[in-house]
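Beneath this line is the structure, given in structure tokens, with notes to follow.
Only this structure's heavy atoms are used, side chains among them; waters, hydrogens and symmetry mates stay out. Along the sequence shown, residues carry numbers from 1. Because the structure is a prediction, the values reported are computed rather than measured.
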Amino acid sequence: MEDFTLTTLIAVFEEMFGRALFWLMVAAALVISALFVWVLLRERSLKARRLVRSQIWAPLGGALAIGFVLWITNSRLADIGGPIDWIVLLGIFLAGGVGFSILVYVVQALLRPARGSE
């Protein structure tokens, strides 16, 4: 891998997850992001109580992301080697946590729209 380009990265992820699953995950991320933007535009601000509740779920999202990647790659935590593996694992945990927090925020907003000040 001489060049590190977006197409190379997409090819690696397609190989790792499978083409259908990878693009399904991309589509899900885009839909959830669009819904988050729509909720922000609809309510014109972040609601503090809802934001805190959604952040409580972040560790679960991070753990689920790590579990999913370990399952997809048929690996175990014992297979983690050098420092770069731990950095990638931390990045997966953070991305899963942030993504899950956004998902929980959107679900809360869709189930219970804001009434006045929260």
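- Looking at Tyr105, its side chain never comes within 3.5 Å of a backbone N or O of Val39 through a donor-acceptor pair.
- Within the 3.5 Å criterion, the main-chain N or O of Phe4 finds no donor-acceptor partner in the side chain of Thr8.
- Following chains of ILVMFWY side-chain contacts shorter than 4.5 Å, one cannot reach Leu24 starting from Phe100, and the two form parts of different hydrophobic clusters.
- By the 6.0 Å and 45° rule, Arg19 does not stack over the aromatic ring of Trp23.
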Practice task
Starting from the C-alpha separation in whole Å, work towards a yes-or-no answer on side chain to side chain contact (heavy atoms under 4.5 Å, CB included) for Leu21 and Ile72.
Solution key: CA-CA 11 Å; Leu21 179 59; Ile72 282 291; 3.8 Å; yes
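- Looking at heavy atoms from C-beta onward, Ile10 lies in side-chain contact with Glu14 at the 4.5 angstrom threshold.
- Transitive grouping of hydrophobic side chains (ILVMFWY, heavy atoms separated by less than 4.5 Å) keeps Val31 and Val26 in distinct clusters.
- Interatomic distance, Leu64 CG to Leu60 CG, rounded to the nearest 0.5 Å: 4.5 Å.
- Of all heavy-atom pairs between Ser101 and Ala58, the closest is OG-CB, 3.3 Å.
- Note: Ser33 OG to Ile102 CD1 = 6.0 Å, rounded to the nearest 0.5 Å.
- Partner of Val37 under the side-chain contact (heavy atoms from CB on, under 4.5 Å) criterion, out of Leu40, Leu35, Leu41: Leu41 alone.
- Contact detail for Val106 and Ile32: the closest heavy-atom pair is CG2-O, 4.2 Å.
- To the nearest 0.5 Å, the span separating CD1 on Ile80 from CG on Leu70 amounts to 6.0 Å.
- A donor-acceptor contact shorter than 3.5 Å links the side chain of Arg50 to the backbone of Arg112.
- Side-chain contact between Met25 and Phe68 is present, with heavy atoms from C-beta onward closer than 4.5 Å.
- The hydrophobic cluster containing Trp71 also contains Phe13, counting ILVMFWY residues as joined when their side-chain heavy atoms lie under 4.5 angstrom apart, directly or transitively.
- Side-chain atoms of Asp85 come within 3.5 Å of backbone atoms of Gly81 as a donor-acceptor pair (strictly under, hydrogens ignored).
- A continuous path of hydrophobic side-chain contacts links Val107 to Val98 [ILVMFWY only; heavy atoms under 4.5 Å].
- The hydrophobic clustering, which links ILVMFWY residues whose side-chain heavy atoms are closer than 4.5 Å, places Trp86 and Leu90 apart.
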